[in-house]
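First up is the structure itself, then whatever we jot down about it.
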Amino acid sequence: MKKWQYVMVTSMATSALLLGACGGEQSNNNSSSETSSNAAEQLQGSISGDGSSTVAPIVEGIVEEYAATQRNVQVAVGVSGTGGGFEKFINGEIDFSNASRPIKDEEAAKLKEKGIDYTQFEIAYDGISIVVHKDNDWLQDVTTKELEEIWVDNGQKKKWSDIRKGWPDEYIKFYSPGTDSGTYDYFVNDVLEEQQLDKSATLSEDDNVLVKGVEADKYAIGYFGFAYYEANKERLKAVKVNGVEPTHDTIQSGDYTPLSRPLYMYANNESLKEPAMYDFMQYTLEHAGDLAESVGYVRSPEGVYEEDMKKLEAFKPE
């Protein structure tokens with residue numbers, strides 16, 4: 001059982017015990033959480049989202065837990081990558097878009113043209129993990145400069161020995177998130193400083209494809225979100241970057257740089273005015289930190305969630 005599933009079951013069991021202890025007594029001193037819960041049970045509606053595969057494990061956990069408390073609210077979430085999610089968001093097809101990078105200027109401009117106002121919510125922190133085959137015994141630590149030499153396209157097929165003397169005289173096989181992925185955008189823009197990724201790289205929006213590709217080739221290298229490495233660390237090896245290993249603590253402290261980045265949900269403001277969507281977003285902000293931790297990411301500072309909640313309260317239904 002997943003940790004977040006355990007938390008949900010424990011919470012439900014505790015609630016049952018409390019209800020049993022209260023019996024049939026009536027009281028005007030119900031807690032605000034009980035009042036909120038009772039009101040939530042009466043909500044109905046359909047909510048749709050799409051976007052980042054990196055953010056997906058957090059949101060999928062939230063959706064499953066939320067379904068246990070909001071049985072008449074249907075929440076459907078797709079995974080078409082950050083870019084794909086924003087495309088649907090711009091077209092008005094979804095209520096919220098999950099993103100592993102900030103919205104681009106051109107995406108914001110298209111939303112403005114369509115008359116769609118939105119709000120950005122930060123829900124967690126991630127560290128992009130550089131991964132290699134378990135039997136790779138030469139790549140323990142890599143500098144940012146070497147990452148560029150490995151990944152930037154130079155018009156030639158590269159061997160490991162081209163990067164550092166003593167490394168194998170074998171061609172490098174690359175596995176990267178697809179161009180619709182926010183992880184791809186962040187890696188190319190912030191790590192490779194907007195230089196072109198090696199054209200021979202195998203691209204996929206499905207991180208499981210990347211895991212299998214690296215696992216099957218001793219001379220392969222790949223990258224994806226920290227949670228996917230955590231889920232597959234028995235099959236792959238993470239590489240230190242500038243002497244720092246990707247861990248919960250190094251991501252939270254900011255020591256794992258430049259590969260640490262925030263994760264977002266973008267919500268349509270008109271959708272937020274609907275009771276079901278507002279309630280779902282409120283539930284998300286209240287539980288995102290715990291769910292992020294349970295699936296291998298890092299919670300944002302508490303002040304971030306407080307600020308997000310203030311932004312959300314502006315759309316509270318009458």
Quiz prompt | Side-chain heavy-atom pair Ser48, Glu93 within 4.5 angstrom cut-off | solution = no
Exercise. State which residue, out of Arg235, Lys237, Lys173, fulfils the salt bridge (Lys or Arg N to Asp or Glu O under 4.0 Å) condition with Glu215.
Key: Arg235
Self-check item: Side-chain ion pair, Asp190 and Arg101, N-O less than 4.0 Å
Solution: no
Exercise. Begin from the C-alpha positions of Asn242 and Thr143 and carry the test side-chain hydrogen bond (donor to acceptor under 3.5 Å, both in side chains) through to its verdict.
Key: CA-CA 5 Å; Asn242 299 323; Thr143 66; 5.1 Å; no
Quiz item: Would you say the side chains of Ser200 and Asp198 form a donor-acceptor pair under 3.5 Å?
Solution: yes
Quiz item: When the aromatic ring centroids of Phe280 and Tyr66 are compared, is their separation below 6.0 Å?
Solution: yes
Quiz item: Do Phe187 and Trp151 make the cut of ring centroids closer than 6.0 angstrom?
Solution: yes
Quiz prompt | Centroid separation Phe96 to Phe121 less than 6.0 Å | solution = no
Quiz item: Can you name the closest pair of heavy atoms from Pro262 and Tyr125 and give their distance?
Solution: CB-CE1, 3.7 Å
Quiz item: Is the cationic atom of Lys157 (NZ for Lys, CZ for Arg) positioned less than 6.0 Å from the six-membered ring centroid of Tyr171 and within 45 degrees of its normal?
Solution: yes
Practice problem: Look only at the side chain of Tyr184 and the backbone of Glu205, and say whether a donor-acceptor pair between them is shorter than 3.5 Å. | Solution: no
Quiz item: Mind checking whether Leu203 and Tyr175 have side chains closer than 4.5 Å, heavy atoms only?
Solution: no
Quiz item: Is any side-chain N of the basic residue among Asp162 and Lys159 closer than 4.0 Å to the acidic one's carboxylate O?
Solution: no
Practice problem: Quick one: which residue pairs count as a side chain to side chain donor-acceptor pair (under 3.5 Å) with a foot in residues 217-228, not counting sequence neighbours? | Solution: Ser176-Tyr223
Quiz item: Can you list the steps and then say if Lys310 with Glu307 is a salt bridge (charged side-chain N to carboxylate O under 4.0 Å, His left out)?
Solution: CA-CA 5 Å; Lys310 289 178 182 178; Glu307 286 301 313; 3.6 Å; yes
Quiz item: Does Lys273 reach the main-chain N or O of Lys316 with its side chain, forming a donor-acceptor pair under 3.5 Å?
Solution: no
Practice problem: Kindly check if the number of other-residue, nucleotide or ligand heavy atoms within 6.0 Å of NZ (Lys112) is above 12? | Solution: no
